[in-house]
Structures are given as structure tokens and as C-alpha cells.
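Given the structure is predicted, the values throughout are model-derived calculations rather than measurements. Heavy atoms only: backbone and side chains are in, while hydrogens, waters and symmetry mates are out. Sequence lines set the chain letters: A, B, ... in the order given, protein chains first and strands last, and positions in each chain run from 1.
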Amino acid sequence: MRIGYPCLNRGIGCSAGRTFRLASYSESRFIESVEKNLDCLQQILEYNVREGLLFFRISSDTIPFASHRVCDVDWTGRFSARFQRIGDSIKESGMRISMHPDQFTLINSLRPEVNTRSHAELIYHAMLLDAMGLDLDAKIQIHVGGVYNDKMRSIQRFVRNYRELAPEIKKRLVIENDERMYSLGDCMYIHERTGAPVLFDVFHHRCMQSEETTQKALHLASGTWTEADGVLMVDYSSQKPGEKRGRHAESIEPDEFTQFLNESAGVDFDLMLEIKDKEKSARVALDLAQSHGRIL
DNA sequence: AATGGTCAAGTCAGC
DNA sequence: GCTGACTTGACCATT
């Protein structure tokens, strides 16, 4: 099991996802931001290796406005040496990478222009991972999308549109169960019709109050990943006490996490901790996992 | 220099 | 029908 955290490191003092207002876009502003983001990304990755945190989600803001019309810089060419260097260090350290485009990215919209923009956004994510030369176990995770008052048709639209995606997207795209519309069961159904691996989100699963136990759910999701895809990816977070259902906690709850380790025994996966204090909780989780014999 | 409203993009729930 | 949540930082206009 590898353990990691998404996008930003709170202690290191730099951001790998700095961006700017569209209105102030310029080529020099763009290039400067990308350079700083890549500098910081390298620092974070070095930190992660030192700490034994070998799973990381790269921010979608790494290349600001990459899929927007305003951006006409050949960024893959311009930064190719940097991408390669970063990719080499990732592979050398045995690290796993994921990316998670945000809620604007969906392929089952009723509006064709939304799907078109999303396709461009997914291409950008695929280009970035390809530029780093990462294996097919580096994944891009999205949710299924909207329901539009007709879940079955919306699922069918997802499946139809999935089949039309560019191959460089399909080889990395995985779907994640969300907390109120598409359950693990829905994702499994879609997997059967598309082959897309299912990333399991423990917290979302709990929010949906689905019937499968964590153990059963992990087994199901795990079966959707091929050898080339790598082992199952799992997102983990916990409820912020006293807050609205679905709100992420400030830091990890050791007892709850220990319970999760027990429930998940026997399934191989990499774990992404979606908790606000980021690397701090990831290190706590790593210690707990090690003491439970889950990490060599 | 400090502040706080606002930021490319979508959908849904709740009022 | 409209606003806020999602999740979050930090840009940048304004003072």
C-alpha cells in the first residue's frame, strides 16, 4: 500500500497550483506560473520521497488555462525537459500519480459544448502525464456527472460518450463513486460497459449509505483494475465532526483510520488521504499502516 | 500594506 | 428562479 495526499503541501511553503485571473493572461505570465509550479512540484515530490509518501495527486492547476482558447503556448514542447526530469524521479522512487479534474469536467452533459470543453480538459491532463512519461498506472479520475432527472439515460449517455473519447484519455480515465448521485454500484454498471476502472471513495460510499460493506466494496472495485492499470486507487476522508454531511475533516481520526485498516485487510490498493491538513495526516496514516504491517 | 470580494468552466439541493 | 455548496487558495482591485 502506498499512501499520499492531494495537490498541496501545507508545510513546504510553495504552491504547485498557482494561477491567475483569465483577464490578466499573457504568455509571460503563463510561462512564469508554469515554471514556478514545476519548481514547487519538484520540491513537494522530493519531500514526499523523503517521508515515504509514495502516492500524490498533481494539481489540475499545474498548467493554468491549458485547455482554454487563450493558451496558445506549446507548453509540452517548451517544458519537455522539465517534465521528463520530474517523470524520471517519480518512476525512480516508485511513486504513483493521480489527477482529478474538477466538477466542470463531465462527459455526460446534455449540453454538447460542455462535453467538448471537458474533452479538451481531459486531453490536457493526459498530455501532462504523457509528457512526464508516466506508466498507465497514473490515472485521471472523474465522477460520472449529472443525473438530469433520468439516471438511466444519463448513464447511457456517459457510456456512449466514453467510447468516443481519444485513446490517450481512455487509457488513463477512471471513474469515482460520488456522495449523492452515482454509487459504487452505478460505477460498476458503467465499468461493465466501458471497461473504465472504478476508483473507490470510502467516504462517499458511507455518505450514500450503500449496503456493501467496505470490505465487499473494495473487492468489487479492485476487480475493475487490470495489471496495466495498477492496483486499485482509494480515496479516504472522514466527516468533519458537527458539520454538514459530506464536509471533510480537519485532520485524521486515528481510531477511525485503524478501523478502516482492519476492514480493508486483504485488499491491495494505494490510498489518497483527502484531509485538510494534507501531508500531516498522511504521515500519521503511514505510521499507522506500517504498524499494522500493511507497508513493507 | 492590508483587506476581502471574486475567480473559466457544471450540476444539484434548498429556498 | 436564484443562490450556495462542492473545495480552496490566492489573485488583485481597492483602500
Side-chain angles (χ1 to χ4, degrees), chain A residues 5-26 28-30 32-34 36-37 40-41 44 57-73 75 98-125 140-151 153-155 157-158 161 175-183 186 201 203-208 235-240 242-251 272-281:
Chain A
Y5 59 97
C7 302
L8 39 116
N9 180 303
R10 305 208 102 102
I12 224 168
C14 68
S15 164
R18 51 172 53 242
T19 181
F20 49 88
R21 300 293 162 83
L22 177 59
S24 50
Y25 181 93
S26 71
S28 60
R29 189 75 196 263
F30 171 83
E32 182 198 333
S33 298
V34 173
K36 285 187 171 161
N37 285 343
C40 183
L41 177 59
I44 293 176
R57 184 182 299 161
I58 293 179
S59 168
S60 294
D61 285 331
T62 304
I63 318 290
F65 302 105
S67 72
H68 195 280
R69 299 194 300 287
V70 298
C71 177
D72 56 0
V73 178
W75 53 270
S98 68
M99 294 191 78
H100 193 348
D102 47 15
Q103 71 267 31
F104 315 109
T105 308
L106 66 162
I107 64 169
N108 79 339
S109 177
L110 290 167
R111 299 161 53 200
E113 68 276 18
V114 171
N115 295 322
T116 304
R117 275 199 295 272
S118 295
H119 195 264
E121 181 71 357
L122 290 169
I123 287 281
Y124 148 59
H125 283 77
I140 302 166
Q141 62 189 95
I142 60 169
H143 295 290
V144 178
V147 169
Y148 312 94
N149 296 315
D150 190 340
K151 197 180 211 178
R153 290 184 73 129
S154 297
I155 286 177
R157 206 163 46 250
F158 181 98
N161 292 344
I175 49 177
E176 174 189 354
N177 56 307
D178 67 65
E179 77 281 22
R180 60 186 207 282
M181 293 179 283
Y182 291 97
S183 66
D186 296 325
D201 188 306
F203 186 44
H204 291 165
H205 190 67
R206 293 214 181 110
C207 289
M208 290 286 262
D235 282 358
Y236 178 95
S237 59
S238 47
Q239 174 68 38
K240 183 164 183 174
E243 291 277 330
K244 220 180 77 172
R245 195 172 65 101
R247 183 61 71 85
H248 287 188
E250 208 61 43
S251 60
M272 184 64 66
L273 285 160
E274 295 185 319
I275 296 182
K276 290 207 194 293
D277 65 2
K278 305 287 177 180
E279 78 278 5
K280 199 163 156 235
S281 282

Exercise. How far does the C1' atom of B/dG4 sit from the matching atom of C/dT8, given to the nearest Å?
Worked result: 15 Å
For this session: Can you run through DNA chain C from 5' to 3' and write each base as (, ), [, ], | or . depending on how it pairs? Watson-Crick or G-U wobble, both distances under 3.5 Å.
Result: ||||||..|||||||
Exercise. Base, backbone or nothing for each nucleotide of nucleotides 10-15 of chain B, written B, S, -, heavy atoms under 4.0 angstrom, 5' to 3'?
Worked result: BSSS--
Problem set entry | Pair A/Arg117 + A/Glu113: basic N to acidic O under 4.0 Å | no
For this session: For A/Leu8 and C/dA10, give me the distance from atom CG to atom P, rounded to whole Å.
Result: 7 Å
Problem set entry | Whole-Å distance separating the CG atom of A/Asp178 from the C1' atom of C/dA5 | 14 Å
For this session: Please work out if A/Arg69 contacts a base, only the sugar-phosphate, or nothing of the nucleic acid, heavy-atom cut-off 4.0 Å.
Result: nothing
Exercise. Taking CG from A/Asn115 and P from B/dA9, how many angstroms apart are they, rounded to a whole number?
Worked result: 17 Å
Exercise. How would you list, by chain and number, every residue that makes a salt bridge (charged side-chain N to carboxylate O under 4.0 Å, His left out) with A/Asp61, sequence neighbours excluded?
Worked result: none
Seminar exercise, completed: When A/Phe20 and A/Arg10 are each assigned the nearest nucleotide of DNA chain C, the 5'-most assignment goes to A/Arg10
For this session: Could you tell me which residues satisfy salt bridge (charged side-chain N to carboxylate O under 4.0 Å, His left out) with A/Arg57, sequence neighbours excluded, listed by chain and number?
Result: A/Asp235, A/Glu274
Problem set entry | B/dT11 versus C/dA10 - spacing of their P atoms, nearest Å | 28 Å
Exercise. Got a sec, which residues hit disulfide (SG to SG under 2.5 Å) with A/Cys71, two or more places apart in sequence or on another chain?
Worked result: none
Exercise. Could you give the OH-to-P distance, from A/Tyr25 to B/dA9, as a whole number of Å?
Worked result: 17 Å
Exercise. Please, which pairs that meet ring pair (Phe, Tyr, Trp, His ring centres under 6.0 Å) have at least one residue in residues 100-125 of chain A, sequence neighbours excluded?
Worked result: A/Trp75-A/Tyr124, A/His100-A/His143
For this session: Considering non-hydrogen atoms only, spot the tightest contact between A/Ser251 and A/Asp277 and give its length.
Result: CB-OD2, 3.0 Å
Pairs: protein N or O with nucleotides 13-15 of chain C N or O, under 3.5 Å:
none

For this session: Tell me, please, which residues at least two apart from A/Phe65 pass ring-ring contact (aromatic ring centres under 6.0 Å, His included).
Result: A/Phe20
Problem set entry | Rounded distance in Å - NZ (A/Lys278) to P (C/dT7) | 11 Å
For this session: May I have the distance from A/Arg57 (atom CZ) to C/dT7 (atom C1'), rounded to whole angstrom?
Result: 11 Å
Exercise. How far does the P atom of B/dG10 sit from the matching atom of C/dG9, given to the nearest Å?
Worked result: 23 Å
For this session: With sequence neighbours excluded, tell me which residues meet side-chain contact (heavy atoms from CB on, under 4.5 Å) with A/Lys151.
Result: A/Val147, A/Ile155, A/Tyr182, A/Asp186
Seminar exercise, completed: Across all chains, not counting sequence neighbours, the disulfide (SG to SG under 2.5 Å) partners of A/Cys7 are none
Problem set entry | Stepwise side-chain contact (heavy atoms from CB on, under 4.5 Å) test for A/Ser118 and A/Thr105 | CA-CA 5 Å; A/Ser118 295; A/Thr105 308; 4.0 Å; yes
Exercise. How many Å lie between CZ on A/Phe65 and P on B/dA8, as a whole number?
Worked result: 5 Å
Exercise. For A/Thr19 and C/dA10, is the shortest distance between a side-chain N/O and OP1 or OP2 below 4.0 Å?
Worked result: no
Seminar exercise, completed: From NE2 of A/His204 across to C1' of C/dA5 the rounded distance in Å is 13 Å
Problem set entry | Pairing residues for A/Arg21 by the side-chain contact (heavy atoms from CB on, under 4.5 Å) criterion, not counting sequence neighbours | A/Ser24
Problem set entry | B/dT3 to C/dC6 separation - C1' atoms, rounded to the nearest Å | 25 Å
Problem set entry | Rounded distance in Å between the P positions of C/dT7 and B/dT6 | 22 Å
Seminar exercise, completed: Those residues at least two apart in sequence (or on a different chain) that pass side-chain contact (heavy atoms from CB on, under 4.5 Å) with A/Ser109 are A/Leu106, A/Arg111, A/Val114, A/Asn115, A/Tyr148
Problem set entry | P-based separation of B/dA9 from C/dG1 [nearest Å] | 22 Å
